[in-house]
Protein chains: 2
Amino acid sequence: MNSANTSTNKFEQLADSKQKSIIDASVNEFADNGFKNASVNKIVENAGISKGSLFNYFKSKNLLFDHIYQIALREVKSYLAKVRDESENDDFFTRFGKIINAGIAFINKHPRLARIYFRLLNSDDSPHGKEIIQNLHSEAIRYLTQFVEMGIERNELRSELNPGTVAFMMESILNRILQVHYLEIFDTKSNISKNDNNWIDEIVNTLKTGLSTIPPK
Amino acid sequence: MNSANTSTNKFEQLADSKQKSIIDASVNEFADNGFKNASVNKIVENAGISKGSLFNYFKSKNLLFDHIYQIALREVKSYLAKVRDESENDDFFTRFGKIINAGIAFINKHPRLARIYFRLLNSDDSPHGKEIIQNLHSEAIRYLTQFVEMGIERNELRSELNPGTVAFMMESILNRILQVHYLEIFDTKSNISKNDNNWIDEIVNTLKTGLSTIPPK
DNA sequence: TTTAATAATGACCACCCGGTCATTATTTCT
DNA sequence: AGAAATAATGACCGGGTGGTCATTATTAAA
């Protein structure tokens with residue numbers, strides 16, 4: 001009883017190369033098929049282990065998915081922390097542009113994790129799908145709300161703005177841009193192809209100055 | 001050989017009440033489980049017909065889904081056309097608010113169709129999922145781009161704006177608002193609960209006047 | 001009313017699923 | 001080297017899948 005008996009206890013004591021092959025096979029299978037349609041049989045086949053072993057490491061398909069998801073979450077958070085720290089001295093709008101580009105960079109670096117995320121978004125066939133997504137969204141809103149509040153303090157944003165509302169709008173647009181980029185990677189037929197910095201700058205700038213011909217008071 | 005031999009030919013010659021019960025059962029099953037995880041056995045059970053009959057009306061599960069999807073698409077388009085015609089004399093921002101409210105009304109009226117749509121969005125387990133979604137998005141963008149161009153012509157929007165970019169931003173926000181509303185309906189635990197007109201007005205207004213403290217030239 | 005055409009049925013098929021566990025292979029300890 | 005402990009295996013289980021088709025029930029024609 002020396003260490004906590006987590007569900008991944010046995011798994012974590014495996015050789016690193018074996019862990020990696022199992023994680024790789026799992027990520028690929030979940031990314032391609034979502035949770036329910038992912039096949040444990042194919043995972044063990046691609047990982048080069050027996051089914052009995054997998055169910056020895058993880059008590060169920062659910063717990064295996066949880067483990068994969070935790071890995072993805074850790075990766076995302078480290079990305080967000082990085083961009084927050086690296087853009088501390090930029091103005092609000094430059095920062096927002098950098099956040100968007102960090103998201104794009106993440107998708108480029110971890111396309112299969114992004115795939116799992118985007119599947120999770122609306123599929124609801126995953127063990128804790130709803131809770132996971134709610135969590136991610138509220139974390140994103142909190143993250144962006146901080147930026148907005150800071151922007152107001154620095155007098156870069158109008159003081160009468162509701163930070164939560166602005167954060168919601170930013171998150172909407174951010175998510176959509178990332179979704180488009182994700183589709184560009186996974187759908188070769190995609191004809192959207194607007195993923196260049198000019199486009200992002202244009203969006204940020206439009207958000208900055210607004211649409212109306214009539215300037216506010 | 002008098003009429004086109006479509007895959008739904010036999011189905012459309014059925015009594016209306018029978019058609020309705022089959023469609024109802026199918027919509028419910030697809031809404032609750034997505035395409036692949038939907039069970040044909042449960043559909044026929046809930047529709048009160050035999051499995052053989054269903055496969056007589058529709059050659060495959062795929063074609064049954066296609067038929068359901070076409071129904072949903074028709075419903076959405078009629079909604080969009082209605083709001084376009086009814087708001088012809090409003091200014092751009094009032095119109096955008098009405099579009100958002102029309103979307104919310106649609107979800108309230110057809111929650112199960114909305115569920116199928118949101119599942120379709122990222123699940124990619126449906127027969128032509130990718131193409132369907134691409135189509136819907138580009139139709140939405142085209143629809144909104146018209147509004148933006150009209151707004152510029154009427155001198156309600158800055159002339160230097162790129163209509164496609166603005167339409168993209170609007171669609172991002174619209175989609176997200178509808179997604180939140182959808183979650184409020186289907187997830188009783190949802191604590192977002194911002195679906196009131198004040199919130200929508202606030203978003204539209206923020207988009208109108210922009211975020212920056214510095215007014216454009 | 002008898003016959004011919006059409007519609008509805010559900011047992012059945014081959015296949016795949018997540019999960020189990022007695023058996024076998026490997027490592028560790030004496 | 002032998003015994004004990006641990007790890008890995010894959011045949012097997014009950015259950016569900018989309019789809020088929022010989023049989024039965026219903027309707028239309030004679």
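Below, chains carry the letters A, B, ... as their sequence lines are ordered, and counting in each starts from 1. Source: prediction; values computed, not measured.
- The interatomic distance linking N41(A) (CG) with dT20(C) (P) rounds to 14 Å, in whole Å.
- Checked by distance alone, K61(A) brings no side-chain donor or acceptor within 3.5 Å of a matching partner on the base of dG19(C).
- Applying the salt bridge (charged side-chain N to carboxylate O under 4.0 Å, His left out) test to E202(B) and every residue at least two apart in sequence or in another chain returns nothing.
- For F35(A) and dC17(C), the CZ to C1' distance is 12 Å, given to the nearest whole Å.
- Rounded to whole Å, the distance from CD on Q13(A) to P on dT28(C) is 13 Å.
- When side chains are defined from C-beta on, V148(B) counts as touching M170(B), because their heavy atoms get closer than 4.5 Å.
- For the 3.5 Å distance criterion, the side chains of N135(A) and E139(A) fail to qualify, holding no donor opposite an acceptor.
- If you check the side chains of H181(A) and N108(A), you find a donor sitting under 3.5 Å from an acceptor.
- Where DNA chain D meets chain B (any atom under 4.0 Å from a heavy atom), the bounding nucleotides read 5' to 3' are dT17(D) to dC21(D).
- For F147(B) and F96(B), the ring centers are positioned 6.0 Å apart or more.
- Rounded to an integer number of Å, the gap from F65(A) CZ to dC17(C) C1' is 18 Å.
- I43(A) has its CD1 atom 10 Å from the P atom of dC17(C), to the nearest Å.
- Across the interface with DNA chain C, nearest-nucleotide mapping of G52(A) and K42(A) shows K42(A) to be the residue nearer the 5′ end.
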Open item on the list: Please determine whether ring-ring contact (aromatic ring centres under 6.0 Å, His included) holds for the pair F65(A) and F30(A), giving the CA-CA distance in whole Å, both sets of side-chain angles, and the decisive distance to 0.1 Å.
Closed with: CA-CA 8 Å; F65(A) 182 82; F30(A) 285 128; 5.0 Å; yes
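- Taking atom OH on Y57(B) and atom C1' on dT6(C), their separation rounds to 12 Å, with Å as the unit.
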